[in-house]
Amino acid sequence: MAGLNQETNGHSPAVDYFQSNPRPLVLERHCSVAQAFINHHAKLGRRVALVTSGGTTVPLENQTVRFVDNFSAGTRGATSAEYFISEGYAVIFLHRQFSLLPYSRHYSHTTNCFLDYMIPNDAGAVVVESEYQSEMAKVLARYMKAKEENMLLLLPFTTVNEYLWHLRDLATLMQPLGSNALFYLAAAVSDFFVPANRMVEHKIQSSEEFNAQVANGEDAEQPAAHMDGQKLVIGLEPVPKFLKTLVDEWAPDAMIVSFKLETDPSLLAKKARHALEKYSHHLVIGNMLNTRKWEVLFVSIGGGEKWIRVPAGRRTKSVTGRFEDIVDNAAPREPAVEIESLIVPDVARMHTELSQSRESNLDNE
Ligand code: PMT
């Protein structure tokens, strides 16, 4: 919420944020590969999607031992990225380091170790077990095609600070793409953090004899995380909301899609609508923690509210008519199809319509 009511000293909170929190060292290198990637696809007139994925962390110490994390395995982002590539988009995949990745997600983070897919053959070479051959051949073919055509750029982040700097700089680099740019913000971004000037340098000591810590910086206040007797007290500050700044300043011509995660079903539609009105972007996709693989709610300016649900399979309907997560432990906990295979083509269609309406508005001017 970079609105007027939040402005301080004539700056928006977003501007203040970047003045007082350090630029990650890796950003320059990431921006240089991103610039080459964007230039390549811009020349081909291709649409480029920035897909954010996974949760951001909030370190409590500069030399980080403890941190606060945000929930997200990266399934939504990694799965969506594959479908965007199938739709012809080049994808910049800004993801939490070590979270799920497009293509490899089919074989990582599962109860199977990757070695369980392998077997030695009679000649002593390692091959894929016959039961996995056909599925793996399909995934491999799609992965190799994406690689050959340079359709996927992987950029990792860990902390909320790294995420925000990347979002700002990548959005700026993508500006020349105009309406060919799409932002699909599936990452779970921290709402609270420890500002740089309230961060302790070293590991917070739990024993009273060693816990005299001071914050970094000349204007240092009390460290945001500190010991009070035997208690660890953590006073986090709000992260400025960057969606408004993204919409108004960093990516004014792009299509912007954000996600809203809730756990209380009575709040989902209200909060998604509220986000859309507050940030004035194009689409909010609402999802519930427990049913996010089975149903999502599209809330858009022109399209009102629309549920997208996986076809009947492993779902149950509650008395309210809403779909509920399957709680029967004997039943598979995966839906019949990946819901992203329904979400992404719809987003791509909305993106096409938005670009066309912009072009016709320009023609009429
Ligand atoms: O990865 P999975 O396990 O599959 O889970 C996927 C998911 C549930 C995490 C994903 O589908 C999802 O809902 N992601 C968004 C969750 C979230 O963080 O919502 P939020 O209410 O904190 O943020 C809403 C929007 O505001 C986001 O687009 C975010 O980019 C933006 N935001 C958030 C914080 C902040 N300081 N500034 C922002 O602009």
Side-chain angles (χ1 to χ4, degrees), residues 1-3 6 12-14 16-18 21 50-58 68-82 93-96 98-102 105 109 157 159-168 170-171 182-193 195 236-251 256-264 267-268 270-299 308 325 333-335 338-340 343-344 347:
M1 290 167 287
Q6 274 205 343
S12 73
D16 287 343
Y17 179 92
F18 293 107
N21 290 282
L50 177 71
V51 175
T52 72
S53 182
T56 60
T57 69
V58 171
V68 180
D69 209 345
N70 249 57
F71 160 84
S72 170
T75 316
R76 175 80 77 225
T79 311
S80 300
E82 284 182 30
F93 189 64
L94 181 62
H95 65 282
R96 166 73 175 275
F98 307 131
S99 65
L100 287 173
L101 295 177
R105 73 184 170 95
H109 300 57
F157 65 80
T159 66
V160 64
N161 185 53
E162 288 167 356
Y163 172 85
L164 293 172
W165 277 93
H166 277 82
L167 182 63
R168 185 190 77 158
L170 292 172
L182 172 75
F183 289 77
Y184 183 86
L185 306 171
V189 182
S190 315
D191 287 317
F192 302 98
F193 81 127
L236 300 179
E237 296 192 13
V239 176
K241 294 289 184 194
F242 285 90
L243 212 41
K244 187 78 185 143
T245 321
L246 178 70
V247 174
D248 292 344
E249 295 172 30
W250 302 340
I256 298 177
V257 181
S258 73
F259 279 79
K260 178 103 283 250
L261 175 63
E262 290 299 334
T263 55
D264 177 350
L267 286 180
L268 185 66
K270 262 185 254 170
K271 297 268 306 265
R273 164 82 34 211
H274 182 252
L276 192 72
E277 284 164 7
K278 187 172 209 160
Y279 302 124
S280 317
H281 55 307
H282 305 101
L283 173 65
V284 178
I285 304 180
N287 52 179
M288 301 291 300
L289 184 63
N290 289 333
T291 58
R292 66 193 191 283
K293 291 186 179 178
W294 282 266
E295 59 178 3
V296 297
L297 176 65
F298 272 37
V299 181
I308 291 193
D325 199 7
R333 293 184 62 82
E334 293 302 315
E338 291 179 323
I339 195 166
E340 292 78 6
I343 296 173
V344 170
V347 170

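Both ligands and their constituent atoms are indexed starting at 1 by order of listing.
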Handout entry: 4.0 Å protein heavy-atom contact status of atom 32 (N) of ligand 1, strictly under
Key = no

Heavy-atom distances under 4.0 Å decide this one: backbone, side chain, both or neither, for [X] against ligand 1?
X: Val160; answer: neither
X: Asn287; answer: side chain
X: Pro240; answer: backbone
X: Ser190; answer: backbone
X: Ala187; answer: backbone

Give the atom numbers and elements of ligand 1 that come within less than 4.0 Å of a heavy atom of [X].
X: Lys241; value: 34 (C), 35 (C), 37 (N)
X: Val239; value: 36 (N)
X: Ala73; value: 1 (O), 2 (P), 3 (O)
X: Leu185; value: 28 (O)

Considering only the protein, which heavy-atom contact is closest to [atom], and what is its distance?
atom: atom 19 (O) of ligand 1; value: Phe259 O, 3.8 Å
atom: atom 21 (O) of ligand 1; value: Lys260 NZ, 2.6 Å
atom: atom 38 (C) of ligand 1; value: Phe242 N, 3.6 Å
atom: atom 28 (O) of ligand 1; value: Ser258 CB, 3.3 Å
atom: atom 5 (O) of ligand 1; value: Arg292 NE, 3.4 Å
atom: atom 6 (C) of ligand 1; value: Arg76 CB, 3.7 Å
atom: atom 39 (O) of ligand 1; value: Leu243 N, 3.0 Å
atom: atom 34 (C) of ligand 1; value: Asp191 OD1, 3.5 Å

Practice task
Taking the six-membered ring for Trp and the single ring otherwise, decide whether the centroids of Phe242 and Tyr163 are under 6.0 Å apart.
Solution key: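 Judged by ring-centre distance (under 6.0 Å), Phe242 and Tyr163 do not meet the cut-off.
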
Quick one: [atom1] on [X] to [atom2] on [Y], what's the gap to the nearest 0.5 Å?
X: Leu185; Y: Lys260; atom1: CG; atom2: NZ; value: 12.0 Å
X: Leu268; Y: Leu289; atom1: CG; atom2: CG; value: 11.5 Å
X: Leu267; Y: Met288; atom1: CG; atom2: CE; value: 8.5 Å
X: Phe259; Y: Ser80; atom1: CZ; atom2: OG; value: 5.5 Å
X: Leu94; Y: Leu170; atom1: CG; atom2: CG; value: 6.0 Å
X: Leu276; Y: Phe298; atom1: CG; atom2: CZ; value: 12.5 Å

Please determine if [X] has a nitrogen or oxygen closer than 3.5 Å to a nitrogen or oxygen of ligand 1.
X: Ser72; result: yes
X: Phe71; result: no
X: Ala186; result: yes
X: Asn70; result: no
X: Thr75; result: yes

Problem - Any side-chain heavy-atom pair of Val347 and Ile285 under 4.5 Å - result: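 Yes, their side chains come closer than 4.5 Å.
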
Exercise for the section: Would you tell me whether Arg76 and Asn287 have side-chain atoms, one donor and one acceptor, within less than 3.5 Å of each other? Expected result: yes

Using every non-hydrogen atom in the two residues, find where [X] and [Y] come nearest and quote the distance to one decimal.
X: Ala78; Y: Leu101; answer: CB-C, 3.7 Å
X: Phe157; Y: Ser53; answer: CZ-O, 3.4 Å
X: Ile308; Y: Ile339; answer: O-CD1, 3.6 Å
X: Pro238; Y: Phe192; answer: CA-CD2, 4.0 Å

Problem - Selected option - heavy-atom contact closest to atom 22 (O) of ligand 1, from Val189, Ile285, Thr52, Thr56 - result: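 Going through Val189, Ile285, Thr52, Thr56 one by one, Val189 has the nearest heavy atom to atom 22 (O) of ligand 1.
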
Problem - Closest to atom 17 (C) of ligand 1 among Pro13, Gly77, Ala188 (heavy-atom distance) - result: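 Of the listed residues, Ala188 has the closest heavy atom.
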
Practice task
Answer with yes or no whether Gly286 contacts ligand 1, where contact means a heavy atom under 4.0 Å from a ligand atom.
Solution key: no

Practice task
Mark the output for Ser99 as yes if a heavy-atom distance to ligand 1 is under 4.0 Å, and as no if none is.
Solution key: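 Flag not set, Ser99 not near ligand 1.
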
Practice task
Flag the pair Arg105 and Glu338 as a salt bridge only when some basic side-chain nitrogen lies within less than 4.0 angstrom of an acidic carboxylate oxygen.
Solution key: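 Yes, charged N to carboxylate O under 4.0 Å.
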
Handout entry: Cation-pi geometry met for Arg168 and Phe18 (6.0 Å, 45°)
Key =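 Yes, cation above the ring, under 6.0 Å and within 45°.
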
Handout entry: Whether His281 and Tyr279 hold their rings parallel, tilted or perpendicular, with breakpoints at 30° and 60°
Key =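 Plane angle between 30° and 60°, so tilted.
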
